[in-house]
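For reference, the structure discussed in these notes is given below.
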Amino acid sequence: MQRYLDADIDATPLAGKTIGIFGYGNQACPQALNLKDGGYSVVIGLRTGSPHRETAEQSGFSVLDIPEVVKQADLLMLLVPDDQCAPVYDAHIRTSEKTGLAIGFAHGLCLQAGWLKPDPRHDIFLVAPKGQGRGVRQKFQDGSGVPGLVAVHQDVSGNTEALAMAYAKAIGCAHTGVFQTSVSEETISDLFSEQTVLCGGLTRLIRMAYETLIEAGFSAPVAYFECLYEVKLIADLIHEKGIAGMREGISSAALFGDIHEGDRVIDSHVRENMRQTLARIQSGEFFQAFQAEIDSGFPEVRDAMLKDRAHSIEQAHRLLH
Ligand SMILES: NC(=O)c1ccc[n+]([C@@H]2O[C@H](COP(=O)([O-])OP(=O)(O)OC[C@H]3O[C@@H](n4cnc5c(N)ncnc54)[C@H](OP(=O)(O)O)[C@@H]3O)[C@@H](O)[C@H]2O)c1
C-alpha cells in the first residue's frame, strides 16, 4: 500500500475552488481552519439557529444557510453526524440542479449502510482523517498532521481521486501519510476497531479489571490508577514505539506478566467473538440494529450512558479531575 506524502500530491485540483463545509463540529471546525490557513476559499453551511454560527464567524468564516452553500461551492464536505448525512444530502444537494458538484465525507458509514444513495451526477469521495478533530487541528499547527484514508465512491468527472487527494493534503493528512482504500474497507474496519478495541473492547477491559480488584477488596482509587489511569501511559508508548517498542520500555515484571498471562486473559474466545463482530458488520446486521436505534431515539445508548455515570469508576475518576 503506497504512502503519499505532501510532495507526492498535486494541490492543483483544489486550486481556485470554493469549499463548502457543512457543520462546524468535531471534524468540520478543524478541517475548515486548516483549509483557511492554507489559503483556500471556505464557506460554512449551518442550519438556522446553529449554536456554532458565532464561533465560526469569529474565526473569520462566511457562514451561510445550507442551500446558499450548495449554490456557491464547487466541493461540499458533509461533516455532520453520520446519521444526518443522508437527510442533509437528500434535502439540499440531490434537489439542486447544479452540475459538476463533488461531495466528500469523513467516514463511509452512510454510503456503506446504503442510507445515502448518491445522485449519478455527483462525484463522491471519502477523506477520513485517522484521528479526532482536535488532533487534525493541533497536528496541522505543529506540522505533523494525522494520517488519512482516501476513497473514491463515484467518479463522474474523471477527476475525483485527484481532488480527494488534494483535499487530504490541504487538511494536513499528507504530512504523515495518505493511503488509498475503498469506502467498504474504511467503513467496516473503522466500525470493527471501534467495537472491538477503541471503544467497546477497551472500556470493557478497563471496567472488568477494575471490578475484579474492587470485588477482591482493593480500594477504588488504587484500582482506578492501575486499571484506567495508566492506560494512557501505555497507549502513548504503543502509539509512539509500536507493541514491540513498548515491551522494550517496561519493567521486567510487567514484560513477563504480559507474555505469561496475556494470552490467558484475552484468549481464543475473544478472537472468535471478534470474528462474529466483524461478520455482523459485513452482513449489514449492525447497520440494521443501528438504524432501529436511531429511529427510536437512541434508547439503548441513553440507558447505557446513564448507567455509566453511576459506576464507581467515575467517582474515582472525579478524584483527579
Ligand atoms: N468525531 C471525530 O473526531 C471524527 C473522526 C473521524 C471521522 N469523523 C466523521 O466526521 C463526520 C462528522 O462527525 P463529527 O463528529 O465531526 O460530527 P459532529 O461534531 O457531531 O457534527 C456537528 C455539526 O453537524 C451539524 N448538524 C447536525 N445535524 C445536522 C443537520 N440535520 N443539518 C445540518 N447540520 C447538522 C451540527 O449543527 P449545529 O451547529 O446546528 O449543532 C454541528 O455543526 C462523520 O462522518 C464522522 O464519522 C469524525
Side chain to side chain contact (heavy atoms under 4.5 Å, CB included) between Asp123 and Leu163, worked out:
CA-CA 10 Å; Asp123 286 344; Leu163 187 69; 5.6 Å; no

Taking it one step at a time, do Lys139 and Asn34 satisfy side chain to side chain contact (heavy atoms under 4.5 Å, CB included)?
CA-CA 10 Å; Lys139 287 180 181 282; Asn34 293 359; over 6 Å; no

[atom1] of [X] to [atom2] of [Y]: how many Å apart, nearest 0.5 Å?
X      : Y      : atom1 : atom2 : value
Leu76  : Ile103 : CG    : CD1   : 4.5 Å
Leu237 : Leu233 : CG    : CG    : 8.5 Å
Ile171 : Gln27  : CD1   : CD    : 7.0 Å
Leu33  : Phe61  : CG    : CZ    : 4.5 Å
Thr99  : His122 : OG1   : NE2   : 8.5 Å
Ile188 : Leu278 : CD1   : CG    : 7.5 Å

Indicate, with yes or no, if Leu75 and Phe22 share a hydrophobic cluster defined by side-chain heavy-atom contacts under 4.5 Å among Ile, Leu, Val, Met, Phe, Trp and Tyr.
no

Using the rule that Ile, Leu, Val, Met, Phe, Trp and Tyr join whenever any side-chain heavy atoms are under 4.5 Å apart, tell me whether Met165 and Ile19 fall into a single cluster.
yes

For Val146 versus Pro129, what's the shortest heavy-atom pair and its separation?
CG2-CB, 3.8 Å

Minimum heavy-atom distance Cys110-Asp82, with the two atoms named:
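Minimum heavy-atom contact is CB-O, 3.9 Å.
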
What orientation do [X] and [Y] show, parallel under 30°, tilted 30 to 60°, or perpendicular over 60°?
X      : Y      : value
Tyr224 : His317 : perpendicular
Tyr210 : His311 : tilted
Phe290 : Trp115 : tilted

Do [X] and [Y] make a side-chain contact, defined as non-hydrogen atoms from C-beta onward lying under 4.5 Å apart?
X      : Y      : answer
Phe125 : Asp155 : no
Leu109 : Phe287 : yes
Glu272 : His269 : no
Val183 : Gln154 : no
Pro118 : Tyr89  : yes
Leu46  : Ile66  : no
Leu101 : Val70  : yes
Ile214 : Glu211 : no

Under-4.0 Å salt bridge between Lys130 and Glu186
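Here Lys130 pairs with Glu186 in a salt bridge, since their nearest N and O are under 4.0 Å apart.
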
Salt-bridge contact Lys71-Asp65 (side-chain N to carboxylate O under 4.0 Å):
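No.
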
Throw together a table of side-chain donor-acceptor distances under 3.5 angstrom for residues 299-306, partners on residues two or more places apart or in other chains.
| unit_1 | atom_1 | unit_2 | atom_2 | d |
| --- | --- | --- | --- | --- |
| Arg302 | NE | Gly297 | O | 3.4 |
| Arg302 | NH2 | Gly297 | O | 3.0 |
| Asp303 | OD2 | Lys307 | NZ | 3.1 |

Which ILVMFWY residues can you reach from Met1 by hopping between side chains whose heavy atoms are under 4.5 Å apart?
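Via sub-4.5 Å side-chain contacts, Met1 links to Leu149, Phe179.
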
Near Asp267 CG, under 6.0 Å, is it more than 12 heavy atoms from other residues, nucleotides or ligands?
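Yes, the 6.0 Å shell around CG holds more than 12 heavy atoms from other groups.
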
Candidates Phe140, Tyr24, Tyr167 - the one meeting side chain to side chain contact (heavy atoms under 4.5 Å, CB included) with Gln31
Tyr167

For Ser184, does its backbone N or O pair with a side-chain atom of Thr187 as donor and acceptor, under 3.5 Å?
no

Quick one: list whatever passes salt bridge (Lys or Arg N to Asp or Glu O under 4.0 Å) with Glu240, sequence neighbours left out.
none

